[in-house]
Amino acid sequence: MKDSYGRSIHYLRVSLTDRCNLRCVYCMPADIQFAPPSHLLQVDELVRLVRVAASTGFERVRLTGGEPTIHPHLIEIVSGISNLPGIREIAMTTNALQLEKLAAPLAKAGVKRVNISIDTLDAERFSKITRIGKLDQVWCGILAAERVGLTPIKLNAVIVRGYNEDDMVDLARLTIDHAWNMRFIEMMPLGSIADFQIDSVVPVAEMKLRIESTRRA
């Protein structure tokens, strides 16, 4: 597969569900209606979709959501995909709330690495941003992923003005003591909460300046 610029396309992102066990302020309203389960692809349909993609040259798959770890058949899906001819790597993007118990089964089923969302190291701020999340669960999930070899671990932080712009330096410091990659993401105004998001955007240039200024100091 090649795009209009002649570049090879071999990386497929598969959203397993629209549901999530968090309600992050930059992502969705506190109250949201999700699609009925019957409207989503079933396990055999998901595996068949990836099989077709693999036959056209796709080699890498990333499982996303919503939050993929809340899918009731996640391990079955990973196992099915990992056994497909041509698939060389399965990765996953997750908020890590369920990762402490799922890291080992996921690694055994075929997941190679994970991207994990963590927007702050302050438990109170984390609860405010996610509305219902607990930071210690995320931290335990990160360590569990590292123990079973789901590496390199990439940590993602969406920076929201008024919530966590002061946390960037502490998050960046994680890479000093750990072999983790820290990535800061500029918020994209989307959907019904776009007005809130526009007012809360922290530009990438400002993020870089904050971190670099601290390093120089």
Side-chain angles (χ1 to χ4, degrees), residues 11 13-16 20-22 24-27 60-70 74-75 78 82 88-130 133-160 163-188 202-217:
Y11 177 51
R13 297 175 68 92
V14 180
S15 176
L16 300 184
C20 187
N21 47 0
L22 295 179
C24 296
V25 295
Y26 54 77
C27 185
R60 300 168 57 206
V61 176
R62 174 167 295 279
L63 303 178
T64 69
E67 172 50 41
T69 61
I70 67 173
L74 175 60
I75 303 302
V78 172
S82 68
R88 299 178 181 274
E89 180 185 81
I90 302 174
M92 188 175 69
T93 298
T94 175
N95 60 32
L97 291 183
Q98 303 293 323
L99 205 52
E100 184 178 15
K101 65 179 181 181
L102 287 177
L106 285 169
K108 183 177 181 180
V111 172
K112 299 299 184 185
R113 57 189 179 87
V114 290
N115 289 10
I116 296 172
S117 301
I118 180 167
D119 298 322
T120 177
L121 298 178
D122 181 277
E124 186 175 341
R125 287 194 190 115
F126 186 85
S127 180
K128 180 181 179 183
I129 292 170
T130 63
K134 296 185 182 299
L135 180 62
D136 60 337
Q137 288 181 263
V138 177
W139 191 255
C140 288
I142 294 171
L143 297 179
E146 186 175 49
R147 282 195 302 272
V148 300
L150 297 179
T151 56
I153 290 174
K154 296 180 180 180
L155 304 180
N156 298 334
V158 177
I159 304 303
V160 185
Y163 285 84
N164 65 337
E165 71 266 39
D166 294 329
D167 294 296
M168 286 185 287
V169 172
D170 287 339
L171 288 166
R173 285 197 182 104
L174 291 175
T175 62
I176 297 175
D177 298 322
H178 304 275
W180 303 338
N181 298 319
M182 188 71 230
R183 307 190 301 178
F184 298 101
I185 300 171
E186 182 178 301
M187 187 168 55
M188 296 178 62
V202 179
V204 168
E206 181 179 334
M207 297 183 199
K208 292 177 65 177
L209 181 62
R210 280 175 176 261
I211 295 171
E212 290 173 355
S213 297
T214 302
R215 183 180 62 185
R216 288 193 295 268

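Because only heavy atoms are used, hydrogens play no part in the values below, and waters and symmetry mates are left out as well, while side chains stay in.
- Looking only at side-chain heavy atoms (C-beta outward), V160 and I129 stay at 4.5 Å or farther from each other.
- At a threshold of 4.5 Å between non-hydrogen side-chain atoms, the residues V202 and F184 do not count as touching.
- A donor-acceptor pair is defined here as one N or O able to donate and one able to accept, closer than 3.5 Å; such a pair exists between the side chain of D122 and the backbone of R125.
- Checking side-chain atoms of R183 against main-chain N and O of L155 turns up no donor-acceptor pair under 3.5 Å.
- With D136 contributing its side chain and A123 its backbone, the two residues share no donor-acceptor pair below 3.5 Å.
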Review point. Please walk me through it: do L74 and M92 pass side chain to side chain contact (heavy atoms under 4.5 Å, CB included)?
Key: CA-CA 11 Å; L74 175 60; M92 188 175 69; 4.2 Å; yes

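- The heavy-atom pair separating A107 from L150 by the smallest distance is CB-CD2, 3.8 Å.
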Practice item. May I have the step-by-step check of side chain to side chain contact (heavy atoms under 4.5 Å, CB included) for N181 and I153, ending in yes or no? Key: CA-CA 6 Å; N181 298 319; I153 290 174; over 6 Å; no

Practice item. Could you give me the CA-CA distance, side-chain angles and deciding distance for Y163 and T120, then say whether side chain to side chain contact (heavy atoms under 4.5 Å, CB included) is met? Key: CA-CA 9 Å; Y163 285 84; T120 177; over 6 Å; no

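- Atom CG of D167 is separated from atom CG of L121 by 7.0 Å, given to the nearest 0.5 angstrom.
- Rounded to the nearest 0.5 angstrom, Q137 CD and I142 CD1 are separated by 12.0 Å.
- For the side-chain contact (heavy atoms from CB on, under 4.5 Å) with T93, the qualifying choice from L63, T64, V114, I116 is T64, the only one to do so.
- The CG atom of N156 sits 11.0 Å away from the CG atom of L171 when rounded to the nearest 0.5 Å.
- When atom types are taken as modelled, the side chain of E67 and the backbone of N21 share no donor-acceptor pair closer than 3.5 angstrom.
- Here the closest non-hydrogen pair linking R210 and D166 is NH1-OD1, 3.1 Å.
- Comment: E124 does not engage K128 in a salt bridge, judged by the lack of any side-chain N to carboxylate O separation of less than 4.0 angstrom.
- Here the CG-CD1 distance, from L174 to I118, works out to 6.5 Å after rounding to the nearest 0.5 Å.
- A donor-acceptor contact shorter than 3.5 Å is absent between the side chain of N95 and the backbone of S117.
- Side-chain N/O atoms of Y26 and D119 include a donor and acceptor closer than 3.5 Å.
- In terms of heavy-atom proximity, E146 sits nearest to W180 at OE2-NE1, 3.0 Å.
- E165 contributes atom CD, which lies 8.5 Å from atom CD1 of I159 (distance to the nearest 0.5 angstrom).
- Residue I185 comes nearest to M207 through the heavy atom pair O-CE, 3.5 Å, listed as atom of the first residue, atom of the second, then distance.
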Check your understanding: Could you walk me through whether I75 and L106 pass the side chain to side chain contact (heavy atoms under 4.5 Å, CB included) check?
Key -> CA-CA 6 Å; I75 303 302; L106 285 169; 3.6 Å; yes

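- Shown here are the salt bridge (Lys or Arg N to Asp or Glu O under 4.0 Å) partners of D170, two or more places apart in sequence or in another chain: R173.
- Note on residues 97-116: pairs passing salt bridge (charged side-chain N to carboxylate O under 4.0 Å, His left out), not counting sequence neighbours, are E89-R113.
- The local environment of CZ in R60 is crowded, with over 12 non-hydrogen atoms from other residues, nucleotides or ligands closer than 6.0 Å.
- Heavy-atom minimum distance, V78 versus G110: CG1-N, 3.9 Å.
- Judged purely by atom type and a 3.5 angstrom limit, T175 uses its side chain to pair as donor or acceptor with the backbone of A172.
- Taking both residues in full, the closest heavy atoms of G66 and P68 are given as O-CD, 3.6 Å, listed atom of the first, atom of the second, then distance.
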